[in-house]
Enquirer: 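Here's a structure for you.
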Amino acid sequence: MIDSPENHEGAPGGLTTEGRPQFNQDVLQAARELTGNPEFVLNPNSRGQAENMARYTGIALEPAEVALYCALRERVTILSDQEVLAAVLYETGDMHRVKQFTGFYSPNIFNTRQAGR
């Protein structure tokens with residue numbers, strides 16, 4: 001589990017510090033492997049949180065995105081729910097949904113974390 005900024009080369013919660021919302025590849029790979037495990041069960045609270053955030057911002061999530069969010073939530077505790085879902089959306093490459101989501105919550109969602117929030 002990643003529970004401090006120091007656990008991944010100083011990257012908060014496994015996010016890179018290159019100014020973009022992208023998970024450290026080790027963290028992302030571990031979460032993807034977890035979603036591929038047939039015994040992995042989505043945490044109903046995390047699933048509901050992802051679905052609620054998406055609904056409030058007017059975006060649709062694919063089942064694989066919900067699963068990835070849930071897997072990352074189990075591993076990344078230092079980031080907010082909004083930061084994790086924004087990074088999951090960023091991983092899809094759909095910048096329209098990223099902008100819609102971050103525009104609703106905070107256009108600077110990652111800049112505040114990287115500034116030492």
Side-chain angles (χ1 to χ4, degrees):
M1 179 179 303
I2 296 169
D3 54 9
S4 74
E6 293 77 28
N7 284 352
H8 266 279
E9 302 170 10
L15 287 176
T16 66
T17 54
E18 300 169 2
R20 14 175 253 228
Q22 180 178 340
F23 281 96
N24 174 294
Q25 291 305 304
D26 293 339
V27 173
L28 187 59
Q29 184 60 33
R32 285 187 174 142
E33 288 173 7
L34 183 60
T35 63
N37 181 340
E39 296 181 17
F40 176 63
V41 177
L42 300 180
N43 177 310
N45 293 327
S46 294
R47 180 182 184 161
Q49 184 67 11
E51 291 170 347
N52 285 336
M53 287 187 292
R55 183 173 45 253
Y56 291 139
T57 58
I59 62 172
L61 293 176
E62 297 294 325
E65 293 166 336
V66 174
L68 183 58
Y69 171 85
C70 290
L72 287 166
R73 259 348 260 144
E74 288 186 12
R75 293 182 153 42
V76 179
T77 60
I78 194 168
L79 299 177
S80 71
D81 294 331
Q82 293 86 11
E83 289 170 315
V84 173
L85 187 54
V88 167
L89 293 172
Y90 184 83
E91 287 295 321
T92 69
D94 185 343
M95 294 312 294
H96 175 73
R97 290 191 310 154
V98 171
K99 287 178 183 178
Q100 186 172 343
F101 183 81
T102 58
F104 183 85
Y105 283 106
S106 170
N108 300 315
I109 198 166
F110 298 101
N111 294 338
T112 56
R113 175 68 60 188
Q114 292 170 354
R117 180 175 63 138

Enquirer: Provide the closest heavy-atom pair for Val84 versus Tyr69 in the form atom of the first, atom of the second, distance.
Expert: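 Nearest pair, atom of Val84 first, then Tyr69: CG1-CD1, 3.6 Å.
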
Enquirer: Residues two or more places apart in sequence or in another chain: which of them pass side chain to side chain donor-acceptor pair (under 3.5 Å) with Asn43?
Expert: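 Expected list: none.
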
Enquirer: Could you measure the distance from the CG atom of Leu72 to the OG atom of Ser46? Nearest 0.5 Å is fine.
Expert: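 Answer rounded to 0.5 Å: 10.0 Å.
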
Enquirer: Indicate the atoms forming the closest heavy-atom contact of Cys70 with Leu42, along with that distance.
Expert: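 Closest approach of Cys70 to Leu42, heavy atoms only: CB-CD2, 3.8 Å.
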
Enquirer: Are any of the side-chain heavy atoms of Thr57 and Thr102 separated by less than 4.5 Å?
Expert: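 No, every pair of side-chain atoms sits at 4.5 Å or beyond.
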
Enquirer: Step by step, work out the side-chain contact (heavy atoms from CB on, under 4.5 Å) result for Glu83 and Tyr105.
Expert: CA-CA 10 Å; Glu83 289 170 315; Tyr105 283 106; over 6 Å; no

Enquirer: Considering residues at least two apart in sequence or located in another chain, which fulfil the salt bridge (Lys or Arg N to Asp or Glu O under 4.0 Å) criterion with Arg47?
Expert: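 Arg47 satisfies salt bridge (Lys or Arg N to Asp or Glu O under 4.0 Å) with Glu51 only.
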
Enquirer: For Arg32, check salt bridge (Lys or Arg N to Asp or Glu O under 4.0 Å) against everything at least two apart and list the hits.
Expert: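 Arg32: salt bridge (Lys or Arg N to Asp or Glu O under 4.0 Å) contacts with Glu91.
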
Enquirer: As a quick check of understanding, evaluate side-chain contact (heavy atoms from CB on, under 4.5 Å) for Tyr90 and Thr92, giving each step before the final call.
Expert: CA-CA 5 Å; Tyr90 184 83; Thr92 69; over 6 Å; no

Enquirer: What closest approach, in Å, do Ala71 and Leu34 show between heavy atoms, and which atom pair accounts for it?
Expert: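 Looking at all heavy atoms of both residues, the closest pair is CB-CD2, 3.9 Å.
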
Enquirer: Identify the two heavy atoms, one from Val41 and one from Glu74, that lie closest to each other, and give their separation to 0.1 Å.
Expert: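 So the two residues come closest at O-OE2, 4.3 Å.
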
Enquirer: Closest approach of Gly58 and Gln100, non-hydrogen atoms and distance?
Expert: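 Here Gly58 and Gln100 meet closest at O-NE2, 3.2 Å.
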
Enquirer: Report yes if the side chains of Met53 and Phe101 come closer than 4.5 Å at any heavy-atom pair, otherwise no.
Expert: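 Yes, close enough: below the 4.5 Å cut-off.
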
Enquirer: To the nearest 0.5 Å, what is the distance between CD on Glu33 and CG on Leu28?
Expert: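 Interatomic distance, Glu33 CD to Leu28 CG, rounded to 0.5 Å: 10.0 Å.
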
Enquirer: Within a strict 4.5 Å, meaning less than it, do heavy atoms of the Leu61 and Arg97 side chains meet?
Expert: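 Leu61 vs Arg97: side chains touch.
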
Enquirer: Kindly indicate whether the side chain of Ile59, heavy atoms from C-beta on, has any atom under 4.5 Å from the side chain of Leu89.
Expert: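 Yes, at least one pair of side-chain atoms sits under 4.5 Å.
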
Enquirer: Just do the side-chain contact (heavy atoms from CB on, under 4.5 Å) check on Leu85 and Glu65 with the steps written out, would you?
Expert: CA-CA 9 Å; Leu85 187 54; Glu65 293 166 336; 5.9 Å; no

